[in-house]
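Data block below; observations after.
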Amino acid sequence: MTPQDLMKQEVGKAAAARVKSNSIVGLGTGSTTAFAIEYIGKRLAAGEITNVKGIPTSFQARVLAKQYGIPLTTLDEVDRIDIAIDGADEVDPNKNLIKGGGAAHTQEKVIDALAAQFIVVVDNTKLVDKLGSTFLLPVEVIPMAVSPVMKAIEKLGGKPQLRMGIRKAGPVVTDQGNLVIDVKFDSIDNPAELEKTLNNIPGVLENGLFVGVTDLVLVGEVQGDQVIIKEM
Ligand code: 5RP
């Protein structure tokens, strides 16, 4: 395992350890959350916790939950989410995030924002002083609106590019059947305002700015030959 994978594993485990019996858990997307899902499943199998139900944020999370034996439910069947665990692509000092590296930010935002406690799991490479410094901002768009949305984003000063598939001809298609535009902004000075402005462009479904949603960030860090977990 690389040091980064080790950080992801330990931080995922630390988040899974916070899941209590009789709870509804939002299951995030990505390689870090995958470890959390694995360890929630292991704790259930060991009888350490009981009566836990997951709500997946993506096809990937649903597949992993099934693989690790976590019973699933939906937002139509429950009236609360006790805890949600999810990764991030960037975390700023105010615990605001850029998400959507896995093109799952639309369902992630619905579930993470509903949770009584939203825990973000990252390795320390994800910490930034300002959002947008290392990662392009993902924007999910309905397919027929891609061209006008790109033009509107350019007017806002962003440089948009359509996300293309890897080992798949053509663009990435989201779990909702939409496309993703990744946007380079020179500086995101007001994430709350940009989040609203982008979502107000006709044809935009959701963007990857998560502002004021995070309760706790667990950060994995390598120190010597150990991984330590810091809280933010
Ligand atoms: C998916 C996400 C992921 O949580 C984010 O990309 C982080 O992924 P990873 O843990 O693999 O680095 O937002 O849409």
Side-chain angles (χ1 to χ4, degrees), residues 1-16 25-40 54-65 83-92 95-115 118-128 131-141 163-166 171-183 188 191 195 198-199 204-211 213-222 227 229 232:
M1 241 190 211
T2 65
Q4 193 179 22
D5 286 341
L6 210 57
M7 289 191 274
K8 288 181 181 197
Q9 174 179 267
E10 291 309 308
V11 87
K13 224 187 227 183
V25 186
L27 303 171
T29 300
S31 54
T32 318
T33 318
F35 286 114
I37 295 174
E38 178 183 343
Y39 285 101
I40 294 169
I55 302 192
T57 56
S58 62
F59 183 84
Q60 182 216 28
R62 184 175 306 116
V63 168
L64 286 171
I83 181 172
I85 300 170
D86 209 342
D89 302 297
E90 284 188 349
V91 180
D92 80 4
K95 295 188 279 196
N96 294 326
L97 318 172
I98 285 185
K99 286 183 52 55
H105 56 279
T106 299
Q107 289 191 51
E108 289 175 326
K109 199 180 280 190
V110 172
I111 288 162
D112 298 344
L114 277 173
F118 173 36
I119 300 182
V120 173
V121 284
V122 288
D123 60 78
N124 63 357
T125 63
K126 306 287 184 69
L127 303 182
V128 296
L131 294 179
S133 26
T134 62
F135 206 82
L136 304 183
L137 176 62
V139 179
E140 181 167 354
V141 182
R163 190 181 298 183
M164 302 307 283
I166 295 172
V172 165
V173 178
T174 69
D175 287 358
Q176 290 75 240
N178 296 312
L179 305 179
V180 175
I181 295 173
D182 289 310
V183 188
I188 300 181
E195 182 185 12
L198 286 170
N199 281 358
V204 169
L205 184 58
E206 189 54 86
N207 69 81
L209 283 167
F210 283 47
V211 179
V213 184
T214 310
D215 295 300
L216 174 69
V217 185
L218 297 178
V219 185
E221 201 174 297
V222 174
V227 174
I229 310 294
M232 214 177 120

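Ligands are counted one by one from 1 in listed order, and the atoms in each one are counted from 1 as well.
With sequence neighbours excluded, no residue forms a salt bridge (Lys or Arg N to Asp or Glu O under 4.0 Å) with D92. For T174, the side chain to side chain donor-acceptor pair (under 3.5 Å) partners at least two apart in sequence or on another chain are E140.
Within the structure, salt bridge (charged side-chain N to carboxylate O under 4.0 Å, His left out) pairs that include any residue of residues 101-111 comprise K99-E108, K109-E195, K109-E206 (at least two apart or interchain).
For the pair I40 and L27, the minimum side-chain heavy-atom distance is below 4.5 Å.
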Point to revise | Worked verdict on I119 versus L218 for side-chain contact (heavy atoms from CB on, under 4.5 Å) | key: CA-CA 7 Å; I119 300 182; L218 297 178; 3.9 Å; yes
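Checking Q9 against E38 by side-chain atom types alone, no donor-acceptor pair falls below 3.5 Å.
For ligand 1, the protein residues within 4.0 angstrom (heavy atoms only) are K8, T29, G30, S31, T32, D86, G87, A88, D89, K99, G100, G101, G102, A103, A104, H105, E108, K126.
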